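Atoms within a ligand are numbered from 1 in the order they appear, just like the ligands themselves. It should be emphasised that the depicted structure is a prediction, and the values quoted were computed from it without experimental measurement.
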Amino acid sequence: MRTLFIFILALALTTGALAQNTLVLHPDKAETVINKNIYGHFSEHLGTLIYGGIYVDENSDIPNVNGYRTDVLEALKELKVPVLRWPGGCFADTYHWKDGIGPKEDRPSIVNVHWGGVTEDNSFGTHEFLDFCELIGAEPYLSINVGSGSVQEAVEWVDYVTSNNESPMTELRKKNGREDPWDVKFWGIGNETWGCGGDMRPEYYADIYRHYAGYVRGNGFQKVAVGPSSSDYNWTEKMMQGLSGKYNLVQGLSLHHYTLPTNSWTGSKGSSTDFGEDMWFNTIRNTMVVEEFIQKHLEIMDKYDPQHRVSLIVDEWGTWYDALPGTNPGFLQQQNSIRDAIVAGINLNIFNNYAKRISMANIAQIVNVLQAMILTDGPEMVKTPTYYVFKMYNVHQDATLIPMELKSETYEFNGEKLPAVSSSASVKDGITSITLTNANPNKTVAVECDINGVDFKNVEGKIITAKNMTDYNDFGKEEKVKISNFDVNKPKNGKLSIEIPAHSVVLVQLKK
Ligand code: AHR
């Protein structure tokens with residue numbers, strides 16, 4: 001009897017029948033393209049993101065091209081940034097674009113009231129931003145000032161930037177050195193109008209949106225309305241109601257969700273470098289919950305807009321910790337560890353899997369602020385673990401999503417449970433790419449992957465992992481977290497077994 005049991009157990013193990021973690025791909029159902037803009041970014045006039053991070057004095061010792069840091073420029077080109085949002089954030093609703101054009105010596109200085117009360121000299125304005133986008137090959141996404149601006153100011157900005165006609169604004173643009181208009185398709189009408197962007201009620205903002213959107217016009221414009229924060233379903237409901245009959249004026253509704261380890265906006269949010277498993281677990285839980293938010297907001301949107309004319313745009317997301325000790329708290333400067341890499345991998349997997357309804361996402365923010373891709377300190381620069389996740393996941397940009405069923409074991413801590421594994425898959429140019437995360441910091445997980453008729457000859461893997469769960473890349477030191485090659489076992493019985501080490505993000509590619 002005992003021998004029979006051992007035999008059955010051995011058989012079950014070799015055939016995968018008892019596997020705890022299974023992933024079944026459905027390549028025959030692949031039809032939705034993952035919009036590359038899901039891999040988008042956000043750049044606000046905040047802390048050292050623009051000044052020092054992207055842009056320095058042309059005469060600076062830091063190597064630069066017309067003021068753009070060469071090292072940052074190169075790193076961002078390599079990252080394939082598809083779209084970049086600017087100038088905020090909260091800053092956008094205090095920004096008057098005419099302050100940032102023309103000879104620099106004539107541009108007024110203002111106070112950056114939201115972020116540290118520092119002087120903003122407007123030396124980086126519309127031309128500098130749009131030229132930067134051209135240099136890194138990103139599409140610009142401009143955020144219009146609704147909170148303290150006017151419809152006229154918005155219309156003139158659109159005219160200045162995108163028009164080919166003769167008008168006072170196009171004359172001004174030409175006088176300022178730019179003959180041809182820029183190609184700007186994405187226009188956000190306000191930012192967080194429920195908070196820093198005007199403290200409005202959704203009923204009021206829906207009308208304001210209709211007012212602005214009627215005047216913000218151009219070929220192929222994608223106009224984005226301010227949507228909810230995290231689980232504010234009432235905002236979504238009221239916005240969809242308020243915009244009903246006018247869905248031709250709105251192509252996207254935004255969602256903002258930040259991941260805080262402590263659930264507290266007022267007290268400590270937790271450290272970015274010094275944390276234990278409790279804060280690790282909370283961070284993973286508080287990021288995974290975005291899937292529930294997305295699903296519920298989409299249910300509301302679909303009720304009003306069954307034809308899916310309005311897509312969801314997650315134009316602010318990422319981790320938010322306490323500012324690094326000794327830094328200006330208004331600069332939102334934090335480190336970025338392997339924990340952030342897991343957060344990025346989980347979120348991008350979720351967004352990919354909702355590619356049918358999510359057309360863009362913008363992580364906050366691109367350099368030196370919150371969950372940044374790049375950190376700079378004077379002339380030094382580091383690429384963060386999050387940078388490497390975006391780089392590794394680039395294979396999904398404009399690829400076709402492969403639907404999947406994932407069954408994952410749980411990762412338990414203090415009596416709470418979360419799925420250990422997250423995943424998404426896509427196909428492009430005959431190459432199937434599967435990305436997976438293992439959020440368990442203590443254990444390797446083995447995933448049995450049924451690739452359902454995917455025809456391939458080569459299997460290749462890449463991994464982002466670290467020795468310790470608090471590891472990060474520091475200035476002047478060897479990188480602790482980066483992309484390395486990852487051995488994937490050859491398939492057995494048509495199944496691929498992938499062993500994902502503790503706290504890792506993995507890419508497996510099947511090539512013909
Ligand atoms: O990303 C930092 C800030 O977070 C943005 O300015 C604002 O939109 C959000 O509250």
Side-chain angles (χ1 to χ4, degrees), residues 40-51 53-54 83-95 110-118 120 124 129 141-149 186-200 202 205 209 224-232 235 252-261 263-266 269 272 286-287 290 293 313-324 327-336 340 343-344 347 360-375 384 386:
H41 295 265
F42 173 32
S43 54
E44 180 164 8
H45 284 241
L46 197 176
T48 55
L49 194 160
I50 302 288
Y51 303 111
I54 287 178
V83 60
L84 186 57
R85 180 172 180 246
W86 178 85
C90 297
F91 179 79
D93 284 286
T94 61
Y95 184 63
I110 59 162
V111 179
N112 191 333
V113 288
H114 286 291
W115 307 118
V118 293
E120 161 64 59
F124 189 96
F129 174 70
Y141 171 15
L142 297 182
S143 213
I144 287 174
N145 179 350
V146 167
S148 68
F186 299 106
W187 294 89
I189 299 186
N191 169 74
E192 298 194 351
T193 41
W194 36 261
C196 67
D199 232 337
M200 303 173 194
Y205 169 63
Y209 179 87
V224 183
V226 172
S229 168
S230 301
S231 63
D232 187 353
W235 183 274
L253 186 72
S254 73
L255 166 68
H256 288 184
H257 175 63
Y258 283 100
T259 301
L260 278 61
N263 305 323
S264 162
W265 282 101
T266 44
K269 299 180 184 68
S272 58
N286 294 349
T287 215
V290 78
F293 300 158
I313 292 194
V314 192
D315 62 13
E316 286 187 33
W317 69 274
T319 53
W320 194 320
Y321 309 118
D322 290 339
L324 286 173
T327 64
N328 183 333
F331 282 12
L332 311 187
Q333 223 173 313
Q334 61 191 40
Q335 251 301 346
N336 195 297
D340 295 82
V343 166
N347 278 275
M360 192 196 291
N362 309 75
I363 187 167
Q365 300 195 10
I366 196 161
V367 180
N368 288 340
V369 171
L370 299 176
Q371 192 176 348
M373 306 302 113
I374 286 172
L375 299 176
T384 66
T386 303

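Contact between Y205 and I189 at its shortest, heavy atoms only, is OH-O, 2.6 Å. In terms of heavy atoms, A364 sits closest to Y258 at CB-OH, 3.3 Å. Between P261 and K269, the closest heavy-atom pair is CD-O, 3.0 Å.
Counting heavy atoms under 4.0 Å from ligand 1, residue F91 does not touch it at all. If you look at W317 next to ligand 1, there are no close heavy atoms at all, none under 4.0 Å. The proximity of W320 to ligand 1, defined as any non-hydrogen pair under 4.0 Å, is limited to the side chain. Residue E44 touches ligand 1 through its side chain alone, judged by heavy-atom distances below 4.0 Å. The part of N191 lying near ligand 1 is the side chain, judged by heavy-atom distances below 4.0 Å.
D340 is not listed as a side-chain neighbour of T384, based on a closest heavy-atom distance of 4.5 Å or more. Within the 4.5 Å cutoff, no side-chain heavy atoms of H256 are placed close to those of V226.
In terms of polar-atom proximity, defined here as any N/O pair under 3.5 Å, L332 makes no such contact with ligand 1.
Here the straight-line distance linking atom CZ of F293 with atom OG of S230 works out to 5.0 Å at 0.5 Å rounding. Remark: L84 CG to S43 OG distance equals 3.5 Å, nearest 0.5 Å.
Shown in contact with L370 at under 4.0 Å from a heavy atom are these atoms of ligand 1, numbered in order with element: 1 (O), 2 (C). If you number the atoms of ligand 1 from 1 as listed, the ones under 4.0 Å from a heavy atom of Q365 come out as 1 (O), 2 (C). If you number the atoms of ligand 1 from 1 as listed, the ones under 4.0 Å from a heavy atom of C90 come out as 5 (C), 6 (O), 7 (C), 8 (O). Atoms of ligand 1 found under 4.0 Å from any heavy atom of F42, numbered from 1 in the order shown, are 1 (O).
Of all protein heavy atoms, the one lying nearest to atom 7 (C) of ligand 1 is E316 OE1, 3.3 Å. The nearest heavy-atom contact from the protein to atom 10 (O) of ligand 1 is E192 OE1, 2.7 Å. Y258 OH, 2.7 Å is the protein heavy atom nearest to atom 1 (O) of ligand 1.
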**OP:** Begin from the C-alpha positions of E44 and R85 and carry the test salt bridge (Lys or Arg N to Asp or Glu O under 4.0 Å) through to its verdict.
**Re:** CA-CA 8 Å; E44 180 164 8; R85 180 172 180 246; over 6 Å; no

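Under the side chain to side chain contact (heavy atoms under 4.5 Å, CB included) rule, F91 has a single partner from N191, N112, L46, which is N112.
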